[in-house]
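Encoded as structure tokens, the structure appears first; notes follow it.
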Protein chains: 2
Amino acid sequence: MKSTARRLAVAKPPAQPAALSAGAPLRLESDYVLEQHIGHLLRRSHQRHVANFEKGLGVLDLTPTQFAALAKIGERGEVSQNLLGRQTAMDPATIQGVIQRLMARNLIERRSDPSDRRATLLRLTPAGLALAKNAIVKVEEVSQTTLAPLDARERAALALLLQKLSGLA
Amino acid sequence: MKSTARRLAVAKPPAQPAALSAGAPLRLESDYVLEQHIGHLLRRSHQRHVANFEKGLGVLDLTPTQFAALAKIGERGEVSQNLLGRQTAMDPATIQGVIQRLMARNLIERRSDPSDRRATLLRLTPAGLALAKNAIVKVEEVSQTTLAPLDARERAALALLLQKLSGLA
DNA sequence: CGAGAAACGTACGCATACAAACAAAGCCCC
DNA sequence: GGGGCTTTGTTTGTATGCGTACGTTTCTCG
């Protein structure tokens, strides 16, 4: 078994206590290029899409995760909270907050599962259903905006590659 | 000029006040498939990479953004905070928190720009430089882990597509 | 020169995102 | 039948990530 669980990588400060390093700044001699790394590219691309999303949804005022939850609930009819989390790739702590905010807006409602007293079942309210329908149209437009730099062949290729990368294929 | 700045999309609850909808759950009749949408794929892929990152960095205990800031500072020698933010795709509010945490760990230090009293210049401490060097090695390994599902040709294609998508190409 | 615009860093609020710890309920399997 | 493991949902704490507003400083341009 592993000995220590986790150790903070705190480095003790250098010898001279107070003064800032006086001379030329320290440089990292390396051919590392942030902009070419997969992590940075994924982050930037996702960041741009989220920006498009929030702009495109406008008065509907849904975040990507809120929309995903709403759409998934509508697709399944009724789901438990943790199952919904797994199907939208959110951990229990995250989905919990999302659910709370959707409930506060009367978009979903919950009842306890009669066959499992631990679980709560989620379903759309009429308002949630109506909002989801409107949102789907907008979300399609958002996807077009995000994908605008790519042609049809590139879009298909990208989707396939990302499915492989995320373990969905 | 626009009339109202922003309106909350709150829907008034349906006629019956208290009771949950009794019958069958409302369903969203739609062929919308979350798993095929670019936003979800980007989110999942990024999510998987971040998980690899945090696992792979181990005791170095750097988040992707903290590493990006550290690497960029080391590359430039000395940068102002906002410029660093632009080069790592973080807005001023976000980079501010990252800088605070790196400073609290003695990895970077700041001085006010003598030629612009608004700006603060950031540079690596010796500890920060050492940590960054170690981190770069680990980060390369993380990238390999993330990209493991793809062969060389697919990796190159993905990088190109994401560069286009994020506006870096 | 001097007023308006722009840029710098900071602060607050909200929404993901996840680790860790927890109580309650259900399941497994001897 | 019952002890242990798992699952469900919650809470707390930390870290992005961005909108917005703010005070200070610098720049621009008439």
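Naming: A, B, ... by sequence-line order, numbering from 1 per chain. As a basis for the values below, the full set of heavy atoms in this structure was taken, side chains included, without hydrogen atoms, waters or symmetry mates.
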May I ask you to check whether B:Thr146 and B:Asn52 show a side-chain donor-acceptor distance below 3.5 Å? yes
Return the value, rounded to whole Å, for the distance between atom CZ of A:Arg44 and atom P of D:dG17. 12 Å
Considering just the side-chain nitrogens and oxygens of A:Gln47, establish if one lies under 4.0 Å of OP1 or OP2 belonging to D:dC18. yes
Protein-nucleotide distance (A:Asp61, atom CG; C:dA15, atom C1'), rounded to Å: 11 Å
Rounded distance in Å - CG (A:Leu42) to P (D:dT16): 18 Å
Separation between CG of B:Leu41 and CG of A:Leu165, rounded to the nearest 0.5 Å: 10.0 Å
Between A:Lys55 and A:Glu141 (salt bridge meaning N to carboxylate O under 4.0 Å), is one present in this structure? no
Looking for any heavy atom pair under 4.0 Å, which part of the strands does A:Glu54 touch: base, sugar-phosphate only, or nothing? nothing
Only one of B:Val98, B:Leu121, B:Leu122 passes side-chain contact (heavy atoms from CB on, under 4.5 Å) with B:Gln81, and that residue is B:Leu122
Is the backbone N or O of B:Val33 less than 3.5 Å from a side-chain atom of B:His37, with the two atoms forming a donor-acceptor pair by type? yes
Go through D:dT16, C:dC8, C:dG26 for me and flag the one nearest to the B:Arg86 side chain. C:dC8
Distance (rounded to the nearest 0.5 Å) between B:Arg155 CZ and A:Ile38 CD1: 9.5 Å
Per-nucleotide protein contact string for nucleotides 9-15 of chain D, where B marks a base within reach and S marks sugar-phosphate only (heavy atoms under 4.0 Å, - for neither): BBB---S
Grab the CG-P distance between B:Asp116 and D:dC27 for me, whole Å please. 6 Å
Just say parallel, tilted or perpendicular for the rings of B:Phe67 and A:Tyr32, cut-offs at 30° and 60°. perpendicular
Separation of atom CG in A:Leu102 from atom P in C:dA15, rounded to whole Å: 10 Å
Does a side-chain N-to-carboxylate-O contact under 4.0 Å join B:Arg111 and B:Glu78? yes
Write down the distance between CZ (B:Arg111) and P (C:dG9), rounded to a whole number of angstrom. 13 Å
Assign B:Asp91 to base, sugar-phosphate, or nothing according to its heavy-atom contacts below 4.0 angstrom with the strands shown. base
Nearest-Å distance, NE2 (A:His46) to C1' (D:dG17)? 11 Å
Interatomic distance, B:His49 NE2 vs C:dC18 C1' [rounded to whole Å]: 16 Å
Pick from A:Leu129, A:Leu70, A:Ile73: which one makes a side-chain contact (heavy atoms from CB on, under 4.5 Å) with B:Leu28? A:Leu129
Starting from the first five and the last five pairs of the helix from C:dC1-D:dG30 to C:dC30-D:dG1, work out the angle between the resulting helix axes, to 10 degrees. 30°
